[in-house]
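Please read the structure below before turning to the comments.
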Amino acid sequence: MKRKTEVSELIFRIIAYFVLIVFALLCIYPLIYAVAAAFSSSSAVNEGKVILWPVGPQGDAFLHVLKNNVFWINYSNTLFVTFFGTVWALVYSILGAYALSKKRLLGRHGFNFFLVFTMWFSAGIIPQYQNYMNTAQIFGTLGITDLKWTIVLAMGMNATNIILLRNSFEGVPSEIEEAARIDGATEFQILTKVYIPMSKATIATVALFFGISRWNGYFWAYKVIPIGQKYSWPVQVYIRDFLKTYTQIAGSGDSEQIDAWNVSYAYSATSVVYSMVVCAVIPILAIYPFIQKYFAKGVNMGGVKE
């Protein structure tokens with residue numbers, strides 16, 4: 001027999017669904033506006049007429065981005081940093097989490113304490129900057145001048161993700177590991193054949209966290225990679241530099257340059273920026289649906305310790 005819904009429960013559901021819908025709309029509106037502004041005319045964007053859909057539709061701004069070779073070079077840099085940065089961070093996070101999950105590890109509680117301690121007290125920007133600079137100097141002595149590798153290797157540690165993986169590994173029954181040892185499995189085989197397959201949901205979730213942080217990484221790439229190596233910039237730094245340049249022109253009061261842009265093109269510089277943003281967000285939107293099924297399960301497995 002189906003239970004009758006109480007009035008208080010019905011009111012709670014209505015309020016909960018209303019709040020969730022409003023929150024979802026607030027999250028998706030910036031993307032909707034970006035698409036609308038990317039395909040709107042110059043006058044509509046500059047006069048603030050764009051709200052939900054394109055006004056004076058045009059696709060020239062998007063074509064301008066598609067033909068911009070520098071943008072796509074920086075786009076490939078972002079793909080490079082995201083792929084290798086995620087693989088690098090995931091490999092040593094798995095190794096560290098596996099070691100910390102073992103009760104037989106000497107000094108285990110101390111290592112776990114210092115790991116959590118970094119979440120409470122951050123070293124600050126200056127030590128992080130020095131870390132990047134020192135890494136770049138080491139690469140320079142080795143003959144590696146491409147500073148993308150600095151971003152890949154120096155931007156890897158994340159205590160929260162290691163804790164998620166550690167808790168997930170601790171949830172693997174010890175009897176399975178003992179059976180593998182009896183069968184003659186080595187430590188590496190136990191990790192790769194037992195722990196990783198049984199924790200794939202958490203690993204996929206952590207990989208998503210690492211991938212998004214690398215894809216959206218802007219600040220340190222902007223600070224570490226000089227303008228002389230702008231062809232090594234991630235795409236987010238290129239977008240910021242483009243926006244900064246146009247903002248300086250607009251703020252300088254040089255009406256000739258602004259008018260020259262508006263006369264030469266049927267789209268505004270803002271439409272170009274939003275076209276870049278749309279291109280930059282497409283990979284995340286394409287990958288996320290395939291990893292979403294692991295997300296809730298992975299966080300629950302790694303975030304709850306029995």
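This one's a predicted model, so the numbers in the text were calculated from it and none came from an experiment.
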Looking at every heavy atom in both Thr202 and Leu164, which two are closest together, and how far apart are they?
CG2-O, 3.7 Å
Once rounded to the nearest 0.5 Å, what's the spacing between atom CG of Asn112 and atom NE2 of His109?
8.0 Å
Given side chains that start at C-beta, do those of Asn77 and Val235 come closer than 4.5 Å, heavy atoms only?
no
Would you please indicate yes or no on a ring centroid separation below 6.0 angstrom for Tyr75 and Trp215?
yes
Please check if the side chain of Ser168 supplies one atom and the backbone of Ser199 the other of a donor-acceptor pair under 3.5 Å.
no
Is Gln189 reaching over with its side chain to a backbone N or O of Thr186, donor-acceptor style, under 3.5 angstrom?
yes
For Met198 and Pro173, which heavy atoms make the closest approach, and how far apart are they?
CE-CD, 4.1 Å
Tell me whether the count of non-hydrogen atoms from other residues, nucleotides or ligands lying under 6.0 Å of CZ in Phe111 goes above 12.
no
Decide if atom CG of Leu20 counts as having more than 12 heavy atoms of other residues, nucleotides or ligands within a radius under 6.0 Å.
yes
Tyr29 versus Ile51: any side-chain heavy-atom pair under 4.5 Å?
yes
Would you check if Ile196 and Tyr98 make a side-chain contact, meaning some heavy-atom pair closer than 4.5 Å?
no
Should we say atom NZ of Lys102 is surrounded by more than 12 heavy atoms from elsewhere, each under 6.0 Å from it?
yes
Check for me, please, whether Phe12 and Leu10 land in the same ILVMFWY cluster - side-chain distances under 4.5 Å, paths through other members count.
no
Once rounded to the nearest 0.5 Å, what's the spacing between atom CD1 of Ile282 and atom CD1 of Ile287?
12.0 Å
According to the interplanar angle, ranging from 0 to 90°, do the rings of Trp149 and Phe84 count as parallel (below 30°), tilted (30 to 60°) or perpendicular (above 60°)?
tilted
For the residue pair Ala207 and Leu90, what are the closest heavy atoms and their distance?
CB-CD2, 4.0 Å
Does the side chain to side chain contact (heavy atoms under 4.5 Å, CB included) test come out yes or no for Val206 and Ile94, once each step is laid out?
CA-CA 10 Å; Val206 171; Ile94 289 175; over 6 Å; no
If we only count heavy atoms from C-beta on, is the Ile162 to Asn158 side-chain gap below 4.5 Å?
no
Mark yes or no for whether Arg108, through its side chain, and Leu100, through its backbone, hold a donor-acceptor pair below 3.5 Å.
yes
Minimum-distance pair of heavy atoms, taken over all atoms of Ala37 and Tyr274:
CB-CD1, 3.4 Å
Quick one, Asn68 with Tyr238, criterion side chain to side chain donor-acceptor pair (under 3.5 Å). Give me CA distance, side-chain angles, the key distance, then yes/no.
CA-CA 12 Å; Asn68 188 340; Tyr238 176 80; 2.8 Å; yes
Student check: side-chain heavy atoms of Val277 and Leu31 closer than 4.5 Å
no
Is Glu177 salt-bridged to Lys103, going by a charged N under 4.0 Å from an acidic O?
no
Separation between OG1 of Thr205 and CG of Asn161, rounded to the nearest 0.5 Å:
9.5 Å
Do the side chains of Ile11 and Val19 join up, straight or via other hydrophobic residues, at under 4.5 Å, putting them in one cluster?
yes
Compare every heavy atom of Ala185 with every heavy atom of Ile190, then report the nearest pair and how far apart it is.
CG1-CB, 3.9 Å
Distance check, rounded to the nearest 0.5 Å: Ser271 atom OG versus Gln58 atom CD?
5.5 Å
Step through the shown structure and confirm whether more than 12 heavy atoms of other residues, nucleotides or ligands are within 6.0 Å of CG on Leu26.
yes
Could you check Cys279 against Val65 for side chain to side chain contact (heavy atoms under 4.5 Å, CB included), going step by step and ending with a plain yes or no?
CA-CA 9 Å; Cys279 291; Val65 173; 4.2 Å; yes
Should the heavy atoms of other residues, nucleotides or ligands under 6.0 Å from CZ of Phe219 be counted, would the total exceed 12?
yes
Is it the case that over 12 heavy atoms from other parts of the model lie below 6.0 angstrom from the CG atom of Asp183?
yes
Heavy-atom count around Trp72 CH2 within 6.0 Å, excluding the residue itself: above 12?
yes
Quick one: does any side-chain atom of Ser76 pair with a main-chain N or O of Ile73 as donor and acceptor, under 3.5 Å?
yes
Arg214 and Ile151: side chain to side chain contact (heavy atoms under 4.5 Å, CB included), yes or no, with the steps?
CA-CA 9 Å; Arg214 299 302 180 273; Ile151 306 300; 5.8 Å; no
With a 4.5 Å cut-off on side-chain heavy atoms, are Leu63 and Leu66 touching?
yes
Joint hydrophobic cluster, Leu165 plus Phe113, side-chain heavy atoms closer than 4.5 Å
yes
I need the Ser41 OG to Asp60 CG distance, nearest 0.5 Å.
11.0 Å
Non-hydrogen atoms of Gln236 and Thr78 that approach each other most closely:
OE1-OG1, 3.6 Å
Please tell me if the side chains of Phe39 and Pro57 come closer than 4.5 Å, counting only heavy atoms from C-beta onward.
no
Can you tell me how far CD of Glu170 sits from OG of Ser101, rounded to the nearest 0.5 angstrom?
6.0 Å
Salt bridge present between Glu187 and Arg181 (N-O < 4.0 angstrom):
yes
Can you say whether the rings of Phe114 and Phe117 are parallel (under 30°), tilted (30 to 60°) or perpendicular (over 60°)?
perpendicular
I want to check something: taking the side chain as every heavy atom from C-beta on, are Pro234 and Asn74 in contact at a cut-off of under 4.5 Å?
no
